[in-house]
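Naming: A, B, ... by sequence-line order, numbering from 1 per chain.
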Amino acid sequence: MIELKMLREDPDTIRAALKKRGVELDLDTVIEMDRTRRASMTEIQELKSRRNELSEKVGTLKRKGEEPEELMKEARLLTESIKKKEEDQRELERKFEDLVKWLPNIPHDSVPVGTGPEANRFVRGDRTPPQPEFEVLPHWEICEALDILDLKRATKIAGSRFVLYKGMGALLERALINFFLDLHTTQHGYTEIFPPVLNPVECLYGTGQIPKLESDMYRCRDDALYLTPTAEVPLTNMHREEILLAKDLPKRYVAYTPCFRREAGSYGKEVRGITRVHQFNKVELVKYATPEEGYAEFEKMLSDAEAAVRALELPYRVTLLCSGDMTFASAITYDIEVYAPGMKEWLEVSSISCYEQYQARRANIRYRKSGKGTDFVYTMNGSGLATPRTFIAIVENYQTKDGRIRIPDALKRYMGVDSIGR
RNA sequence: GGAGAGGUGGCCGAGUGGUCGAAGGCACCCGCUUGCUAAGCGGCUUCUCGUCGAAAGACGGGACGGGAGUUCGAAUCUCCCCCUCUCCGCCA
């Protein structure tokens, strides 16, 4: 949620933000709607003020033993007309909210303006991919040869675009999850959470998946619950409707969860292998911070995620997403991509976003400022990391000419072997 | 699934239908004091929305799990829903 004050005092900033993002939206209608609802609110408040006055008088008189029939009648009539007006008011508020919830966050000043990936800015890392001295097999071929993925049977038991890891493949997947969790809890100061992966609609609204991405989520038929699309949802909603103490901030959480996405509309792209699947594993980082320290914590989060890629010694690059490429709740987003030499592609393994106060306003997450008053916290999250693509990167980058897969040093103690194959 | 108890401020916890936005405590913040790992004394602080204002603020509305109702007036009475706890049953 954007700040409503901005709608009245600085609509041009919102207009500029919409333009940067390429969002078509009639802001004037929203502004007009806001004016109408506030006028109606003021009117109701005046009536109530009058009624309270009357009630107080009635109370005083009654205690003296009088029956002020006239006053009571007037108050009764007032209550009736208030009720009518309040019904209309509710309708106005509902319409207004339906408009406001579609307003995206204001992009940070450093975000490059553009509509597609070509406008994203290289930040650091490998500019050009490494050139292996032999023809690296794409992961689906080497994994089939080594019998560590079984995509045919995954389809049989779940459907297309699901993954079944097998034998050393399953072990590698599990090793990655454990390695990421250990890294962030022991080296970077995050508290581990193991949350439920079914979430009610309020939570999805709070983080901003609803309304925009509703069709991309799996919904339960008999219960008002959605399968979590990312641990960002449970972790950021942990403190929904709370007032935190400044001394408890920043809060840093890390969680492993499976993530579920329908990927509606993405068929036809990335059909081979496991780059885009309906269920995948991810270790997610979430922080709550004060506005003052928000961006410092955000940069630290980026380097925490980067540390995971570095520890695995994978070729990677960090990019700053342009305005048109960010999700609608985000103020700024970095992507970390690793290179997959078999697919000859850069794959996104982490997306690190700062929402500033956007999510906090939606989810009503505040903190008490030292001394007086409250303010909304900054929330941010980042993958640290998502496994399917990290799995791909390992299988392709650590492939040997004779068809084995070496195990990165960082994972050896989790795997107990030096390589997969023979 | 059955029975009972309960949901009040940042936290704990009082609260006869009208001076209750709410006692008391903790915590916080601000003073003062004290020579020793902190304590004592005094004071302050609920949140939210609207109107006016450059601001400080002033005035007003609302909020005691959520919703509806009774009433001139509801934290307090009635109904529905949600959640928590205890006991019983069932069970991975």
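- Taking only side-chain atoms of A/S55, from C-beta outward, the nucleotide of B/G50, B/G73, B/G61 with the closest atom is B/G73.
- With distances taken from any side-chain atom of A/K48 to the nucleotides B/G62, B/U51, B/G60, the minimum falls on B/G62.
- Among the nucleotides B/G10, B/C72, B/U48, the one closest to the side chain of A/I243 is B/G10.
- When the C1' atom of B/A54 is taken as reference, atom NZ of A/K5 falls 13 Å away, rounded to whole Å.
- In this structure, A/R362 satisfies the cation-pi test against A/Y205, with its NZ or CZ atom closer than 6.0 Å to the six-membered ring centre and inside 45 degrees of the ring normal.
- Distances were taken from every side-chain heavy atom of A/R366 (C-beta onward) to each of B/G50, B/G18, B/U48; the shortest belongs to B/U48.
- For A/M72, counting side-chain heavy atoms from C-beta on, the closest listed nucleotide (B/G62, B/G50, B/C72) is B/C72.
- Closest approach to the A/R368 side chain among B/G10, B/U51, B/C72 is made by B/G10 (side chain taken as heavy atoms from C-beta onward).
- Looking at the side chain of A/N52, the nearest of the listed nucleotides B/G10, B/C72, B/G62 is B/G62.
- Per the geometry, CD belonging to A/E86 stands 18 Å off P belonging to B/C49, to the nearest Å.
- Counting only heavy atoms from C-beta on, A/Q45 has its side chain closest to B/G61 among B/G61, B/C72, B/U51.
- Taking atom CZ on A/R35 and atom C1' on B/G50, their separation rounds to 16 Å, with Å as the unit.
- The distance from atom CD of A/E46 to atom P of B/C59 is 16 Å, rounded to the nearest whole Å.
- Base pairing of B/G53: no nucleotide in any strand meets the Watson-Crick or G-U wobble criterion (both distances under 3.5 Å).
- Taking the ring centroids of A/Y165 and A/F391, they lie under the 6.0 Å cut-off.
- Here the nucleotide nearest the side chain of A/M41, chosen from B/G50, B/C72, B/G60, is B/G50.
- When Watson-Crick and G-U wobble pairs are counted only if both distances are under 3.5 Å, B/C41 pairs with B/G31.
- Rounded to an integer number of Å, the gap from CG of A/L244 to P of B/C11 is 10 Å.
- In this structure the side chain of A/K287 reaches within 4.5 angstrom of the side chain of A/K300, judged on heavy atoms.
- Side-chain N/O atoms of A/S49 and A/N52 include no donor and acceptor closer than 3.5 Å.
- The partner of B/A14 is absent, by the rule that a Watson-Crick or G-U pair needs both atom distances under 3.5 Å.
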